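Report on the following structure.
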Amino acid sequence: MAIQSRGFAGDVVGEGVEPFSDLNAGSARDFVERDGQTYLVAGLSGSSGVEIFPRRPVCPKTGARDVEPILIGPSGTLYTYTKVHVSAACDAPYDLGYVDFPSGLRVLAQVRGGSGGYACDIPVRLASDENGWWVEAVAAS
Amino acid sequence: MSATVIGAGMIPMGKYRESSYPGLAVPAALRALNCAGITPGDVDLVACGHAFGGMLTGQRIVKDIGIGGVPILNIDNACSGGASALHLGVQAVNEGRAEVVLVIGVDKLTQFGGGTLPLVEEDHEVQRGMVMPALYAMRARRYLHERGESPDLLAEVSVKARRHGAANPFAQFRTEVSAEEVLTARPIADPLTLLQCCPTGDGAAAVVLVSERKRQEMGVKGARVMASVLHSGKATTGFRDMLRPEITYHSAAEAFEGAGLGPNDIDLVELHDAFSIAELIYYEALGLCQRGESAAMLRGNQTTYGGKVVVNPSGGLLAKGHPVGASGVAQVVEVYWHLTGQAGARQVEKARTALTHVTGGGISGMDHGACTVHVFEAVA
């Protein structure tokens with residue numbers, strides 16, 4: 001008896017079973033600059049509403065293949081942070097922090113420009129140059 | 001649950017650059033077997049936890065001691081690998097698939113030459129600079145912010161760990177340190193200093209699990225596994241309360257329910273203090289105190305000898321060392337010694353019950369990738 005499973009034929013190679021070319025997802029150009037502001041190019045699952053950064057082809061909550069690009073930023077809140085002095089991942093020292101965006105998305109970011117004078121829950125803003133993006137503390141006005 | 005630990009062994013944690021994985025683990029396995037009164041031919045299943053041992057680590061170890069022809073499971077669950085191996089061994093005994101199981105945990109971190117643990121480079125947070133001390137440092141920063149505490153509190157965790165470890169001949173660090181020494185040590189990831197981070201090192205530990213039928217036939221005492229819980233983390237792309245590691249809360253609650261015990265019934269705990277802040281957060285997650293009371297619990301000496309519950313009498317990962325895949329089994333070795341009155345100068349008096357807790361981290365989107373909690377009771 002043939003297996004009928006939601007319309008997918010298991011023995012057909014075609015759209016849907018090719019591997020994702022995602023190895024450089026974290027270092028690929030995943031941001032844009034518009035009108036002097038930096039935005040992250042995240043993903044949004046149309047069915048679940050889940051946002052994902054870096055963008056993945058499927059929704060991490062449901063597995064739905066309905067993730068479309070969405071711009072996130074430029075403003076967020078620094079949940080926590082640290083200055084890293086010893087690292088196997090990058091040349092140290094550098095500052096890292098988790099940034100919460102108003103939509104609910106949380107992103108690990110490098111934090112720059114505050115002379116180490118950061119604090120939890122301060123407002124931060126995305127910034128970028130030709131090499132990548134980071135967040136900066138928003139100067140008090 | 002009837003699987004019972006009836007023998008345990010480990011090597012002193014340290015740096016053994018001249019040793020292979022079998023070179024580290026065979027002495028621990030032999031000690032565990034000898035202590036249990038079990039010959040290699042009696043073993044009908046081996047479970048070996050490790051993170052960096054490479055292919056067929058378990059087979060490479062036990063082929064040197066005459067064990068073969070039986071199932072050998074190799075388990076990677078990062079730092080939770082050893083405890084995950086124990087979990088599989090307990091299942092095999094309790095389901096009647098094995099009478100005698102040898103559980104091994106082993107890892108050799110000196111192969112990396114020092115520094116922070118190499119994480120999986122495919123992970124996007126690792127590509128952005130994430131290392132384990134940074135993750136815990138960010139937990140620490142948030143804890144200090146929300147609780148209105150200073151790094152002095154974090155230092156007290158290390159002071160206690162090193163004090164306990166000074167009495168443990170198997171600990172990598174066997175000298176005490178002062179709070180000032182902790183706070184002025186080299187910064188690793190602010191606010192964590194070197195003495196608030198577990199050391200790089202090598203180690204191996206092993207325990208022998210048997211069925212209740214086998215234990216009674218042998219007439220030996222041991223540490224009965226009252227609950228064995230393994231959970232994975234649950235990923236989110238959004239907010240996560242870094243002071244409330246859901247994976248440990250869920251695992252501990254399930255373990256206590258399975259054991260028919262509560263946090264107040266536990267005499268000693270070996271928990272995953274890879275960094276100073278972790279111990280405080282896990283007091284709350286394991287239910288040893290209420291949320292918000294971890295600082296007071298530490299300052300009130302409630303987690304050392306004479307307190308409510310002795311946490312990390314071995315010195316914990318901060319003093320004993322943390323060769324990642326070995327740690328979950330080394331915790332059980334420590335617990336077995338206490339529950340059978342063999343812990344020497346650091347013996348927790350009249351210890352009847354114990355809990356071990358180890359997580360496996362280093363993955364974006366999750367608090368931790370794995371968490372294992374075991375509850376034990378002394379049986380005579």
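Every value quoted in this text rests on a predicted model; they were computed, and no experiment measured them. Lettering of chains follows the sequences in order, A, B, ..., and the numbering in each one begins at 1.
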Quick check on [X] against chain A: is it the side chain, the backbone, both or neither that has a heavy atom closer than 4.5 Å?
X         : result
Glu146(B) : side chain
Pro133(B) : neither
Arg186(B) : side chain
Met130(B) : both

Please round to the nearest 0.5 Å and tell me the distance separating atom [atom1] of [X] and atom [atom2] of [Y].
X         : Y         : atom1 : atom2 : answer
Ile277(B) : Cys197(B) : CD1   : SG    : 12.5 Å
Ser294(B) : Arg299(B) : OG    : CZ    : 9.5 Å
Glu293(B) : Glu284(B) : CD    : CD    : 8.0 Å
Leu230(B) : Asn77(B)  : CG    : CG    : 6.0 Å

Crowding at CD, Gln111(B) (>12 non-hydrogen neighbours, <6.0 Å): yes
Over 12 foreign heavy atoms within 6.0 Å of CG, Asn131(A): yes
Plane angle bin for His357(B) and His272(B) - parallel if under 30°, tilted between 30 and 60°, otherwise perpendicular: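 Aromatic pair His272(B)/His357(B) classed perpendicular.
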Aromatic plane relationship, Phe239(B) with Tyr79(A) - under 30° parallel, 30 to 60° tilted, over 60° perpendicular: perpendicular
Ala109(A) versus chain B, the contacting section by heavy-atom distance below 4.5 Å: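 Backbone of Ala109(A) only, per the 4.5 Å heavy-atom cut-off to chain B.
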Interface moiety of Phe53(A) toward chain B, non-hydrogen atoms closer than 4.5 Å: both
Chain A contact residues among residues 137-144 of chain B, heavy-atom distance under 4.5 Å: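 Residues Ala137(B), Met138(B), Arg141(B), Arg142(B) are the ones that qualify, each having a heavy atom under 4.5 Å from chain A.
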Stepwise side-chain hydrogen bond (donor to acceptor under 3.5 Å, both in side chains) check, Thr193(B) with Gln196(B): CA-CA 5 Å; Thr193(B) 61; Gln196(B) 295 177 61; 3.2 Å; yes
Between Phe52(B) and Phe112(B), ring centroids under 6.0 Å: yes
Between Ala235(B), Gly129(B), Gly115(B), the one whose heavy-atom pairs under 4.5 Å with chain A are most numerous: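 That would be Gly129(B).
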Chain B contacts, top residue of Val107(A), Val50(A), Ile52(A), Leu105(A) (heavy-atom pairs, under 4.5 Å): Leu105(A)
